[in-house]
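Everything below concerns the one structure shown next.
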Amino acid sequence: MKMSKLFVQTLREVPSDAEVISHQLLVRAGYIRKLTSGVYNFLPLMWKVLKKVENIIRDEMDKAGAQELLMPFVQPKELWEESGRWGAYGGELMRLKDRHGREMCLGPTHEEIITSIARDGLKSYKQLPVNLYQIQSKFRDERRPRFGLLRGREFIMKDAYSFASSQEDLEKEYQNMWQAYTNIFNRCGLATKAVQSDSGAIGGNVSHEFMVITDTDAGENDVFYCDDCDYAANSNHAISKLPQAVIDGAGYFNKTEIVSTPNCHSIEQLAEFLKIQPTLILKSLVYIIDKKPVIALIRADKAAEETKLLNAVGGLEIRIATSEEIAEVMANHGFKAVPGFIGPKGMSDLTIIADETVKDMKNFVVGVNETDVHMVGANLSDLGITDLKYADIRLVEAGEFCPQCGKPLKVTRGIEVGNIFQLGTKYSKPMNGVYLDTDGIAKPYIMGCYGIGVTRTAAAAVEAHHDEYGIKWPLAIAPYHVIVVPVSEKEEQQVAVANKIYEELRSSGIEAVLDDRDERPGVKFKDADLIGFPFRITVGKTIAEGNVEFVTRSTNEKLVIKPEEAISRVIEAVKNIK
RNA sequence: CGGGACGUAGCGCAGCUUGGUAGCGUACCACCUUGGGGUGGUGGGGGUCGCAGGUUCAAAUCCUGUCGUUCCGACCA
């Protein structure tokens, strides 16, 4: 491809709406263009990158025995009602009506469709196990699209679904996909960590997320991991062992009584006022889960993790209550305490979830729904709670100890590029996706699903590989392998040699660009760095000695070598990725 | 969805307070210049000032509404 004809417009300035580096660079280097919020045009350079990522995925999925198909993007409401998700899936599901008023949605994922395909075709245990996948655009009407391709509304995803007749076969396929994913991300030049993750409100099934570790804002997930063993988990799923703490207030309080604690609105103020550790305080939080108030109790030096709490309740939507809503809950129970003094007392008609940390607390401090006082030396029996459910709803913090080996946990941020999930019969059961087993009995498929964000993977590669000048694509997913740059279009010898190198590269199957623009060298170099060609062959004044300059973008290492050697280095590198 | 900010040329922005010819940089076109890290100059093309309504002799500017974008909090590939 000649640079003069390549469809790319580079920008000097950062677009005002681009927050993270991958978004900024992909726009500046002419890969993407926003159409509307969370929806992007993939321009020719981007499309080449995406196709390479897709083809790596295809190759590994096919090797792993999966079969590619393609399902529709627009889906009928009826299937979603069968699975129960028409109601359960929130605002992310883009719903629309056709001209006859039939309700449809844009596919955010395809469990319903694949299950309907499977139940038509997979009738016998003899046909199982099977793994089917597609690579396709998805649409999720995100509450807040941001970070460019990292969280778009329309994005390209590889989604695979496996069907098995036993849990053992499912687990075998799960491991199979785990290995395929490891291969895929390695080939894309991305180091990933597989971490345990939350698997949604329904069912306690197994799932792992593949995270690209980037300690920047672009990593939206907190990942806790242990250096001494293989433990790694998303913050919404992580567990930990806690260090020893003072959790019995017997030495601090002689008896159970109500004491005055004026203006102690925060845990810090209260702990300081009473001259105790926060570990002796029971914190009471009010959440709104599926529109109903829920009381969460936790030792006050720890924070609640909302996804865990949501799962403990079995709800779909969670948020912290506003002060108005707290006032309303108080009023409904005959209290009028302000936040800071609320507690579970007299709230037994509400769902009350207590964190595991609460179990061992004794003679603690707790709010009793009366402003400016707390009960000290209290135990749960003093509060008249009749119904209490214990669950782990605690947010893990760095420095707590690994649940497997007891060493301190570390935290980092990660971009989730893939996820594997043991679904079980979550969809096959309600949708009547069944096969006949050896005993002649119809049984639901035991399913798994496996996703990779294709567009997100490409963006994550930019997050992981760039410098102040631009992108440093891993060779396997770069739009082109090499750019050949004659320094001056006026120098006949430079132009002639550059042309010859370019033609030789092309005839060797190398994806090359020739920068034939009549631009100053600075412009050409800046564009080459920004766009991120893995190799640059510059033909300049050193051609007088028969040499060219060979620059490796990943390291910015510069060599002055013969043209033939530059060519063979590129050919060799490209051979090694295939 | 709640809270803040912003909509003026492809991109980045000024102008608005105090109403009166729509500007700057960059990108694009032409010519000259320069030729190893976004060279310098001259001349050009390109804008219903997000949209609608209102006030006014006159609205980018003031008022009302609306749509869009974006940042901060709860979900996910």
Side-chain angles (χ1 to χ4, degrees), chain A residues 9-19 23 27-28 30 33-38 57 89-93 108-110 135-147 149-160 181 197-201 207 209-212 217 220-221 234 236 287-289 305-307 309-310 316-322 324 415-421 449-460 469-470 485-491 494 518-530 536 538-543 549 551 556 558:
Chain A
Q9 299 83 37
T10 56
L11 301 176
R12 288 184 190 227
E13 285 171 294
V14 179
S16 58
D17 58 359
E19 192 72 4
H23 187 191
V27 173
R28 276 195 60 212
R33 207 82 203 243
K34 185 173 70 182
L35 183 61
T36 184
S37 178
I57 293 173
Y89 218 107
E92 279 77 42
L93 186 63
T109 176
H110 280 67
I135 297 175
Q136 186 209 38
S137 286
K138 295 282 186 277
F139 197 94
R140 294 184 189 174
D141 199 1
E142 293 280 345
R143 284 170 173 147
R144 182 138 103 87
R146 64 186 148 166
F147 299 159
L149 296 191
L150 288 172
R151 176 175 297 278
R153 294 196 293 172
E154 182 172 319
F155 57 96
I156 299 174
M157 178 168 151
K158 186 283 300 180
D159 46 327
Y181 275 35
S197 68
D198 173 57
S199 45
S207 76
E209 294 168 340
F210 285 74
M211 296 280 188
V212 173
D217 284 347
E220 292 190 80
N221 301 271
N234 191 312
N236 65 22
Y287 283 88
I288 304 295
I289 297 182
E305 209 296 314
E306 296 191 358
T307 303
L309 177 58
L310 185 67
L316 294 168
E317 206 171 19
I318 183 171
R319 61 182 174 78
I320 192 99
T322 63
E324 291 77 29
I415 300 168
E416 182 190 352
V417 287
N419 141 333
I420 57 178
F421 198 119
C449 70
Y450 317 90
I452 291 179
V454 175
T455 35
R456 186 182 277 182
T457 297
Y469 303 109
V485 181
V487 167
S488 171
E489 290 298 311
K490 304 271 189 299
E491 297 288 334
Q494 291 180 15
D518 186 14
E519 290 285 354
R520 290 178 53 94
V523 174
K524 296 185 177 185
F525 297 154
K526 289 280 192 224
D527 278 343
D529 288 348
L530 182 59
R536 189 180 84 212
T538 305
V539 185
K541 51 195 171 203
T542 55
I543 198 62
E549 191 177 293
V551 179
N556 291 326
K558 188 188 290 187

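Below, read A as the first sequence line, B as the second, and so on, with proteins coming before strands; counting in each chain starts at 1.
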Separation of atom [atom1] in [X] from atom [atom2] in [N], rounded to whole Å:
X	N	atom1	atom2	result
Glu142(A)	A74(B)	CD	C1'	12 Å
Arg153(A)	C75(B)	CZ	C1'	15 Å
Glu154(A)	A77(B)	CD	P	17 Å
Leu35(A)	G68(B)	CG	P	14 Å
Phe525(A)	G35(B)	CZ	P	15 Å
Arg143(A)	G3(B)	CZ	P	16 Å
Leu11(A)	C13(B)	CG	P	12 Å
Glu305(A)	C75(B)	CD	C1'	12 Å

[atom1] gap between [N] and [M], integer Å:
N	M	atom1	result
A22(B)	U18(B)	P	22 Å
U21(B)	G47(B)	C1'	15 Å
A74(B)	C51(B)	C1'	32 Å
C49(B)	G44(B)	C1'	23 Å
A9(B)	G23(B)	P	14 Å
G43(B)	G4(B)	C1'	45 Å
U61(B)	U8(B)	P	13 Å
G50(B)	A60(B)	C1'	12 Å

So, does [X] get its side chain near the phosphate of [N], meaning an N or O under 4.0 Å from OP1 or OP2?
X	N	result
Arg520(A)	G36(B)	no
Arg12(A)	A27(B)	yes
Ser16(A)	U69(B)	no
Ser37(A)	G68(B)	no
Arg144(A)	C72(B)	yes
Thr109(A)	A77(B)	no
Arg146(A)	C72(B)	yes

When all nucleic acid strands are considered with a 4.0 Å heavy-atom cut-off, which category describes [X]: base, sugar-phosphate, or nothing?
X	answer
Asn234(A)	nothing
Arg536(A)	base
Gly540(A)	base
Gly38(A)	nothing
Lys524(A)	nothing
Val417(A)	sugar-phosphate
Glu491(A)	nothing
Val27(A)	nothing
Arg33(A)	sugar-phosphate
Asn221(A)	base
Thr457(A)	nothing
Asp529(A)	base

My understanding is that a pair needs two contacts under 3.5 Å, Watson-Crick or G-U wobble. By that rule, which nucleotide pairs with A9(B)?
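Answer to the pairing question: none, since A9(B) forms no Watson-Crick or G-U pair.
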
Backbone of Tyr181(A) reached by a side-chain donor or acceptor of Tyr450(A) within 3.5 Å
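Answer holds: no.
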
Between the side chain of Gln494(A) and the main-chain N/O of Ser488(A), is any donor-acceptor distance below 3.5 Å?
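A pair under 3.5 Å: yes.
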
Pick the nucleotide of RNA chain B nearest each of Lys526(A) and Thr455(A); which residue has the one closer to the 5' end?
Lys526(A)

Assign each of Gly522(A) and Gly453(A) the nucleotide of RNA chain B bearing its closest heavy atom; nearer the 5' end lies the nucleotide of Gly522(A)

Side chain of [X]: nearest nucleotide among [options]?
X	options	result
Asp17(A)	C76(B), G37(B), U70(B)	U70(B)
Lys34(A)	G36(B), U70(B), U34(B)	U70(B)
Ile318(A)	U70(B), A74(B), G35(B)	A74(B)
Lys541(A)	C75(B), A77(B), G36(B)	G36(B)
Val523(A)	A77(B), G38(B), G35(B)	G38(B)
Lys490(A)	G38(B), G35(B), C75(B)	G35(B)
Glu306(A)	G36(B), C75(B), A77(B)	C75(B)
Arg456(A)	G36(B), U34(B), A77(B)	A77(B)

Among Glu142(A), Lys138(A), Arg140(A), Arg153(A), exactly one meets side chain to side chain contact (heavy atoms under 4.5 Å, CB included) together with Pro108(A). Which residue is that?
Arg140(A)

Does the distance from a Lys or Arg side-chain N to an Asp or Glu carboxylate O, for Lys526(A) and Glu519(A), drop under 4.0 Å?
no

Side-chain donor/acceptor of Glu13(A) to base of G25(B), under 3.5 Å:
yes

Any side-chain heavy atom of Val27(A) within less than 4.5 Å of one from Lys34(A)?
no

Heavy atoms, side chains only, cut-off 4.5 Å: are Lys558(A) and Thr538(A) in contact?
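With C-beta onward as the side chain, the pair stays apart.
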
Within 45 degrees of the ring normal and closer than 6.0 Å to the centroid, is that where the cationic atom of Arg456(A) sits relative to Phe155(A)?
no

Going by 5.5 Å between centroids and 30° between planes, is there a stack of Phe155(A) over A77(B)?
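It does: the two rings, one from Phe155(A) and one from A77(B), meet the stacking criterion.
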
Near Tyr89(A) OH, under 6.0 Å, is it more than 12 heavy atoms from other residues, nucleotides or ligands?
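Yes, the 6.0 Å shell around OH holds more than 12 heavy atoms from other groups.
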
